[in-house]
Amino acid sequence: MSDVVTMDKIVALSKRRGFVFPTSEIYGGLGSTYDYGPYGVALRRNVKDAWWHAMVIERDDIVGLDSAILQHPRTWEASGHLESFTDPLVDCRACGQRFRADQLEDNRCPQKPSVHPGEGPNCDLTEARQFNLMLETSLGPVRDEGSIVYLRPETAQGIFANFKNVLQTSRRKPPFGIAQIGKSFRNEITTKQFIFRTREFEQMEMEFFVPPPDAEKWFLYWLDARERWYLELGLSEDHLRLRPHDPDELSHYSTGTSDIEYLFPTGWQELEGIANRGDYDLRQHAQYSGEKLEYFDQATGERYVPYVVEPAAGVDRCMLAFLVDAYDEDEQEGEKRTVLRLHPRLAPVKAAILPLVRKDGQPELAHEVHDLLRPLMLTEYDEGGSIGRRYRRQDEIGTPWAVTIDHQSLEDRTVTVRDRDSLAQDRVAIDALPGFLQDRLTGKE
Ligand code: GAP
């Protein structure tokens, strides 16, 4: 993260360049929900692909799942969410606003912003009451008590409910994991900081089932593996830290949790949680469903309920951290430049194809180059405006390479490749261009 970045700049760039838009903007917005524009979708997809690659594709001991957002309501009784997934809420009788009772210090009184809620002359806060964060809807044509279902507040429970199915069909045995990426919903009392905390968001969660005596070893393993993932994708080491939860912070299911925290412009905050969930979830679901959720080792005759180690990350929050860390401003040829120094694997567009002029056969050759690269990576053809302006536009969305077709290209079938960060220009034969870019994308060069 450069020292010039602020959350306001990230919000402005996201809107200006089509990464993130406020939901239902034409109707005045819908409290803290967001839509992802063309470059936002591409960045999110790359974040999810990088996670899926590291968790599923590159490993033999983890398989994937995509469970439904709507689960049987008993799921949430068993998981403890109906009873315990709550935040303490206070209302102010004077201004009608609601606040989290444990976060009054982080909020401002709407009537007197120089003080916290409860400290203004008219503030009149109610006693705190527990507010359940699950969002409800109803299933079927009749809306009554029996039709209530919940939008899942975490993807994890769909994994526990499918433990037996996956164990039987995937021929795995502990230690093994089930990974899932999908939407979750929480009726957060206070949403804040852009896409950091929203009511609809996407999670990347993996439940790793292990023999109970090995749980601590795997917990430490996943702390390290997950931190390395962020570093390999370019987050600065100085902006990441591990923070173990205090006992009074632990979720109802956890016997130990550490957060990977990122230094956002607003301070250190959770990026991902890694929890030792013990056998809580499988035992609860076994009790509520009557199914045996355990592992039987035929070789040893041993039967046990595995413990679970869970790395749980948020796609939106990761995207925000990557944007913040990549944001930079510098000066090129006397002009201020905003540049996103995203890791090439995450960059929405990998290469921009730019004919120097819109004549002399350059656009035709540029289209040929574009068609050559298109099957390999997301590319963008742009012939509008001066070459300097086109470079700036690509720098602002984090495109690592700009491929320029000039008059020499027509003579010897070479192009120049400009590097976003070093600004070095290499002359490369068109035939060698796919390999040249692929090597850089996969880190071989
Ligand atoms: N299954 C465990 C679990 O859900 P969590 O710490 O509540 O744990 C995991 O959530 C991750 O999901 C968080 O570290 C964060 O990245 C993301 N997350 C949670 N609530 C969120 C929200 N309201 N908005 C955006 N991301 C959220």
Side-chain angles (χ1 to χ4, degrees), residues 20 23 31-34 36 40 44 47-48 51 65 67 69 71 75-76 78-81 84-87 100 103 131-135 150-161 177-208 219 222-223 226-227 229-230 235 240-245 249-262 264 266 268-278 280-282 284-285 308-324:
V20 186
T23 292
S32 197
T33 43
Y34 293 93
Y36 292 95
R44 282 167 71 77
V47 169
K48 289 188 273 184
W51 188 88
L65 182 78
S67 67
I69 287 172
Q71 310 271 331
T75 308
W76 311 111
S79 70
H81 282 82
S84 309
F85 196 56
T86 55
D87 278 339
R100 262 181 73 162
Q103 290 179 355
F131 174 77
N132 195 293
L133 299 183
M134 282 200 294
L135 277 157
Y150 300 93
L151 304 188
R152 66 181 175 199
E154 61 172 15
T155 63
Q157 297 305 324
I159 296 180
F160 298 127
I178 305 177
Q180 165 155 240
I181 299 178
K183 290 264 182 167
S184 293
F185 301 81
R186 297 182 187 176
N187 201 3
E188 302 279 2
I189 297 169
T190 41
T191 51
K192 57 179 178 181
Q193 294 170 37
F194 194 34
I195 54 173
F196 179 85
R197 189 186 307 288
T198 50
R199 296 191 173 108
E200 173 179 345
F201 54 99
E202 200 162 3
Q203 290 187 306
M204 306 182 283
E205 299 199 287
M206 195 276 292
E207 310 302 319
F208 203 67
F219 179 64
W222 282 111
L223 282 182
R226 292 302 305 144
E227 192 175 26
W229 185 79
Y230 290 105
L235 284 195
L240 277 181
R241 72 177 187 193
L242 289 178
R243 188 186 68 80
H245 278 204
E249 276 181 274
L250 291 176
S251 310
H252 59 272
Y253 50 73
S254 172
T255 54
T257 297
S258 281
D259 286 343
I260 297 180
E261 291 193 331
Y262 178 73
F264 288 95
T266 40
W268 287 102
Q269 279 175 306
E270 174 185 344
L271 187 56
E272 166 163 351
I274 293 144
N276 189 344
R277 296 179 78 125
Y280 175 85
D281 303 275
L282 288 182
Q284 287 290 105
H285 286 298
V308 172
V309 177
E310 172 198 67
V315 176
D316 315 76
R317 214 173 273 187
C318 278
M319 174 175 164
L320 182 60
F322 285 122
L323 281 173
V324 165

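Atoms considered below: every heavy atom in the structure, side chains included; atoms not considered: hydrogens, waters and symmetry mates. Remember, it's 1-based here, ligands and their atoms both numbered in the order they're listed. Along the sequence shown, residues carry numbers from 1.
Atoms of ligand 1 lying under 4.0 Å from any heavy atom of Glu154, numbered from 1 in the order shown and given with element: 1 (N), 2 (C), 3 (C), 4 (O). Contact atoms of ligand 1 toward Arg277: 1 (N), 2 (C) (distance under 4.0 Å to a heavy atom of the residue). Within ligand 1, the atoms closer than 4.0 Å to a non-hydrogen atom of Gly273 are 14 (O), numbered from 1 in the order shown. Near Glu270, with a cut-off below 4.0 Å to any heavy atom, the atoms of ligand 1 are 6 (O), 13 (C), 14 (O). Residue Glu310 approaches ligand 1 through these ligand atoms, each under 4.0 Å from one of its heavy atoms: 1 (N), 2 (C). Each of the atoms 14 (O), 16 (O) of ligand 1 lies under 4.0 Å from some heavy atom of Leu271.
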For this session: For side-chain contact (heavy atoms from CB on, under 4.5 Å), just list the numbers for Thr155 and Met204, CA-CA rounded to whole Å, side-chain angles, deciding distance to a tenth of an Å, and then say yes or no.
Result: CA-CA 8 Å; Thr155 63; Met204 306 182 283; over 6 Å; no
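Inspection of the Gln157 and Ser79 side chains reveals no N or O donor paired with an N or O acceptor under 3.5 Å.
Of the protein's non-hydrogen atoms, the one nearest atom 17 (C) of ligand 1 is Gly314 CA, 3.7 Å. Looking from atom 24 (N) of ligand 1 to the surrounding protein, the closest heavy atom is Thr198 N, 3.0 Å. Among all non-hydrogen protein atoms, the one lying nearest atom 11 (C) of ligand 1 is Ala312 O, 3.6 Å. In this structure, atom 10 (O) of ligand 1 lies nearest to the protein heavy atom Gln203 NE2, 3.3 Å. Among protein heavy atoms, atom 8 (O) of ligand 1 sits closest to Tyr253 OH, 3.9 Å. When hydrogens are left out, the protein atom nearest atom 18 (N) of ligand 1 is Phe201 CE1, 3.6 Å; that is the closest non-hydrogen contact.
Taking a cutoff of 4.0 Å between a charged side-chain nitrogen and a carboxylate oxygen, Arg241 and Asp259 do not qualify as a salt bridge.
With contacts defined as side-chain heavy-atom distances shorter than 4.5 Å, the pair Arg243/Trp268 does not qualify. Counting only heavy atoms from C-beta outward, the side chains of Tyr36 and Glu202 never approach each other to under 4.5 Å. In this structure the side chain of Val20 reaches within 4.5 angstrom of the side chain of Met319, judged on heavy atoms.
Partner Arg152 forms a side-chain contact (heavy atoms from CB on, under 4.5 Å) with one of Ile69, Thr75, Leu135 and no other, that one being Ile69.
Distances from atom 25 (C) of ligand 1 to the heavy atoms of Phe196, Tyr262, Phe185 show the closest one on Phe196. Compare Glu200, Arg186, Glu272 by their heavy atoms: the one nearest to atom 7 (O) of ligand 1 is in Arg186. Comparing Glu188, Arg197, Glu205, Arg152 against atom 3 (C) of ligand 1, the shortest heavy-atom distance belongs to Glu205.
Proximity of the aromatic rings of Phe264 and Tyr262 is defined here by a centroid distance below 6.0 angstrom, and this criterion is met.
Residues forming a side chain to side chain donor-acceptor pair (under 3.5 Å) with Glu188 (at least two apart in sequence, or on another chain): none.
Here the OH atom belonging to Tyr34 is positioned 10.5 Å from the CZ atom belonging to Arg199, to the nearest 0.5 angstrom.
When non-hydrogen atoms are compared, ligand 1 lies under 4.0 Å from neither the backbone nor the side chain of Gln193.
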